[in-house]
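Order of the sequence lines fixes the chain letters, A, B, ..., with proteins taken first and strands second; residue numbering starts at 1 for each chain. Quick note: numbers below take in every heavy atom, side chains included, and nothing from hydrogens, waters or symmetry partners.
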Amino acid sequence: MIRIYNTMTRTKEEFVPLAAPAVGMYVCGVTVYDHSHIGHARSAMVFDVIRRYLTFKGYRVTFVKNYTDVDDRIIKRANQGGVSAREFAERFIAAERADMAALGVLAPDLDPKATEHVPQMIELIGRLVASGHAYPIDGDVYFEIRRFPPYGRLSGKNLDELLAGARVEVDERKRDPRDFALWKGAKPGEPAWDSPWGPGRPGWHIECSAMAMKYLGESFDFHGGGEDLIFPHHECEIAQAEACTIKRHDPDALRLWMLGTHYRNMIEWSEERVEEAARALDRFARLLRDATAVRRAATAAALPPAFAEFRPRFERAMDDDFNTPQALAALFDLVRALADARDRGPTATPPSAFVAGVDELVQLARVLGLFGRGAAAEGPPAEVERLVAARVEARTRRDFKRSDELRDEIARLGWLVEDTPAGPRLTPKGP
RNA sequence: GGCGGCGUAGCCAAGUGGUUAAGGCGGAGGUCUGCAAAACCUCUACUCCGCGGUUCGAAUCCGCGCGCCGCCUCCA
């Protein structure tokens, strides 16, 4: 049984899909007016892991994530750059897709754009106007929060509190300063669509609702993002933590770092934390690499008892509101057990059993989105191979001076050579 | 000011009423090794910000205090 924290009730509740095994997830996507930053990356990875885990548990997940491709900032920046809002948005949509792919985030099943769903939004706004929850004024349409008592419940605030300290821009036409625009009448030079209230464009909040309803029906299982899940966002020096920061790091290291903190907790950006994660990742990587030869020689047998306790631990952790730190702890313990088995040799643990254990590790790690690209191991260039062979020969002669020179030379070519009982081991050195 | 969250080892971080308080990084010692690296083994919080209280029993619940932080601005 999976238990998940529900923002509305502020408790963990049993997850009961509305139409099992189908599960609908809707995630509020980005407003594409700039590159992704580390905050987007975390949010995306968290949902990615939730999606992967639900799939692992046998659910058929439909994952929808929208693009908000019309908004004040997009229009403003597009105008500054002398391009159309559409062209401007498309550019950042492409960038966002590339960033997410680089992070190992699975692509959504559907990624609708706001601009392609204006008719649905108009229809939804029309319904809200008809039901008295919204009112048009001078080409704008506002949502009247007083007509919707639960407003604010999600964030745990009441209406008066919202008004108290806030400096809300006064717009005399609005019935209440806190009412927000569902439809914005067009100003000159802005993209516009025809509507019963005149030409204009959708305001915030409405697009998610419209697209979610279209693709997942009126009710669905998950709604993630800034609105329904109060995800903490690290304040991290965002200026420095944009796309370049993301690209500078190993995506698996970033993921390991992020999953080391529970998703509902705040996390502070730190270069050092990511480097620590990269070191931890090495333990996995080395084990996996050492296992490749064994895997070629033996096929997996049934999982031996020594490696069987980790999956239940992993699942127990993930079932409990996606407790990735606990799940990772189980994985690290599995790594240790496997490394120990490797060191003890094939007498203590038959190759087939070892391979079964490694497969188990890989399977579970992939549920967290780790090692998705299979570590992309490129072989060393012939020159390096030649030097390594020469070094082996020097060592058999016990010519350690020459041996160390060769090691330095190999290092200059970007490879780390280590001596193991089974012979030299080559590792490409990071940038 | 209002609302919400947090304070666990040197650092990061789980655990939220009851066996020896996960895991990672770092550190110490050991095994292995020509050296090194890696790996493995052992150790590294008798204690969970402070003070009271509830309880047979609390890091976990309640109150107060101290210290951080987020939100209340179209940043998802």
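If you measure from atom CZ of A:Arg273 to atom C1' of B:A14, you get 16 Å, rounded to the nearest angstrom. Here B:G24 presents its P atom at 18 Å from CD1 of A:Ile267, a figure rounded to the nearest Å. Rounded to an integer number of Å, the gap from CZ of A:Arg42 to C1' of B:C75 is 15 Å. Atom CZ of A:Arg264 is separated from atom P of B:G4 by 16 Å (rounded to the nearest Å). Spacing between atom OH of A:Tyr263 and atom C1' of B:G5 amounts to 15 Å, rounded to whole angstrom units. When the C1' atom of B:C12 is taken as reference, atom CE of A:Met266 falls 16 Å away, rounded to whole Å. With rounding to whole Å, A:Phe143 atom CZ is found 17 Å from B:C74 atom C1'. Between the CZ atom of A:Phe284 and the C1' atom of B:A38 there is a distance of 16 Å, rounded to whole Å.
Nucleotides B:G52 and B:A58, compared at atom P, are 14 Å apart to the nearest Å. B:C69 and B:A13 are spaced 15 Å apart, taking the P atom of each and rounding to whole Å. For B:G67 and B:C56, the P atoms lie 35 Å apart once the distance is rounded to whole Å. Remark: the separation of the C1' atoms in B:G57 and B:U16 is 15 Å, to the nearest Å. Separating the C1' atom of B:C12 from that of B:G17 is a span of 27 Å, rounded to the nearest Å. Taking atom P in both B:A22 and B:C46, one finds a spacing of 13 Å when rounded to whole Å. Annotation: B:C62 and B:U55 have their P atoms spaced 16 Å apart (nearest Å). Distance noted for atom C1' between B:C71 and B:A76: 14 Å (whole Å).
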Listed pairs, N/O of protein and of nucleotides 25-30 of chain B, under 3.5 Å:
unit_1 : atom_1 : unit_2   : atom_2 : d
B:C25  : OP1    : A:Arg283 : NH1    : 3.2
B:C25  : OP2    : A:Arg283 : NH1    : 3.3
B:C25  : O3'    : A:Arg279 : NE     : 3.0
B:C25  : O2'    : A:Arg279 : NH2    : 3.2
B:G26  : OP1    : A:Arg279 : NE     : 3.1

Close N/O contacts between protein and nucleotides 35-37 of chain B (under 3.5 Å):
unit_1 : atom_1 : unit_2   : atom_2 : d
B:C35  : O2     : A:Arg407 : NH2    : 2.8
B:C35  : N3     : A:Arg407 : NH2    : 3.4
B:C35  : N4     : A:Asp419 : OD2    : 3.0
B:A36  : N6     : A:Asp419 : O      : 3.1
B:A36  : N1     : A:Asp419 : N      : 3.1
B:A36  : N3     : A:Arg407 : NH1    : 3.1
B:A37  : O2'    : A:Glu418 : OE2    : 2.7
B:A37  : N1     : A:Asp419 : O      : 3.2

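Candidate nucleotides B:A14, B:G23, B:C40 were compared by shortest atom distance to the side chain of A:Thr261, and B:A14 ranks first. Relative to the side chain of A:Arg336, the nucleotides B:G15, B:C41, B:A22 differ in distance, and B:C41 lies closest. When distances are taken from the side chain of A:Asp343 to each of B:A39, B:A14, B:C74, the shortest belongs to B:A39. With B:G34, B:A76, B:A22 as the candidates, the nucleotide lying closest to the side chain of A:Ser403 is B:G34. Side-chain proximity of A:Thr31 to the nucleotides B:A76, B:C40, B:A14 is greatest for B:A76. Picking from B:C40, B:C12, B:A14 the nucleotide with the shortest atom distance to the side chain of A:Pro325 gives B:A14.
In this structure, A:Arg336 pairs ionically with A:Asp333, as a charged nitrogen and a carboxylate oxygen lie closer than 4.0 Å. In this structure, A:Asp404 pairs ionically with A:Arg407, as a charged nitrogen and a carboxylate oxygen lie closer than 4.0 Å. A salt bridge links A:Lys57 with A:Glu315: the distance from a Lys NZ or Arg NE/NH1/NH2 to an Asp or Glu carboxylate oxygen falls below 4.0 Å. Checked for salt-bridge contact, A:Lys401 and A:Glu405 meet the test: a charged N lies under 4.0 Å from a carboxylate O.
Across all strands shown, B:C61 forms a Watson-Crick or G-U wobble pair with B:G53, both key distances being under 3.5 Å. Across all strands shown, the partner of B:C40 is B:G30, judged by Watson-Crick or G-U wobble contacts whose two distances both fall under 3.5 Å. In this entry B:A14 has no Watson-Crick or G-U wobble partner, no candidate having both defining distances under 3.5 Å. In this structure B:C3 sits in a base pair with B:G70, meeting the Watson-Crick or G-U test at under 3.5 Å.
Within the nucleic acid shown, A:Asn323 comes within 4.0 Å of sugar-phosphate atoms alone, with no base atom in reach, counting heavy atoms only. Within the 4.0 angstrom heavy-atom criterion, only backbone atoms of the sugar-phosphate kind lie near A:Tyr33; the bases stay farther away.
Applying the salt bridge (Lys or Arg N to Asp or Glu O under 4.0 Å) rule to A:Arg201 yields the partners A:Asp72, A:Glu190; only residues at least two apart in sequence or on another chain are considered. Residues satisfying the ring-ring contact (aromatic ring centres under 6.0 Å, His included) test with A:His117, not counting sequence neighbours, are A:Tyr215. Residues satisfying the side-chain contact (heavy atoms from CB on, under 4.5 Å) test with A:Leu216, not counting sequence neighbours, are A:Tyr26, A:Thr62, A:Val64, A:Phe220. Residues passing the side-chain contact (heavy atoms from CB on, under 4.5 Å) test with A:Asp359, sequence neighbours excluded: A:Arg295, A:Ala300, A:Val355. The side-chain hydrogen bond (donor to acceptor under 3.5 Å, both in side chains) check on A:Thr349 picks up nothing, with sequence neighbours excluded. Residues forming a side-chain contact (heavy atoms from CB on, under 4.5 Å) with A:Val367 (at least two apart in sequence, or on another chain): A:Tyr53, A:Phe56, A:Phe314. With sequence neighbours excluded, the residues forming a side-chain contact (heavy atoms from CB on, under 4.5 Å) with A:Gln363 are A:Arg311, listed by chain and number.
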Sequence neighbours excluded and cut-off under 3.5 Å, please list the side-chain donor-acceptor pairs for residues 83-91 of chain A, or say none.
unit_1  : atom_1 : unit_2   : atom_2 : d
A:Ser84 : OG     : A:Glu87  : N      : 3.0
A:Glu90 : OE2    : A:Lys113 : NZ     : 3.0

## Note on the structure
In 5'-to-3' order, the base (B), backbone-only (S) or no-contact (-) status of each nucleotide in nucleotides 16-21 of chain B, using a 4.0 angstrom heavy-atom cut-off, is ------
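Ring centroids of A:Trp269 and A:Trp257 are separated by less than 6.0 Å, placing the two rings close together.
Distances shorter than 4.0 Å separate some side-chain N or O of A:Asn265 from OP1 or OP2 on B:A14.
Residues A:Val30 and A:Ala329 each lie close to RNA chain B; by heavy-atom proximity, the contact nearer the 5' end of the strand is made by A:Ala329. For the pair A:Val335 and A:Arg398, both in contact range of RNA chain B, the more 5′-proximal nearest nucleotide belongs to A:Arg398.
For residues 315-340 of chain A, the ring-ring contact (aromatic ring centres under 6.0 Å, His included) pairs, not counting sequence neighbours, are A:Phe284-A:Phe332.
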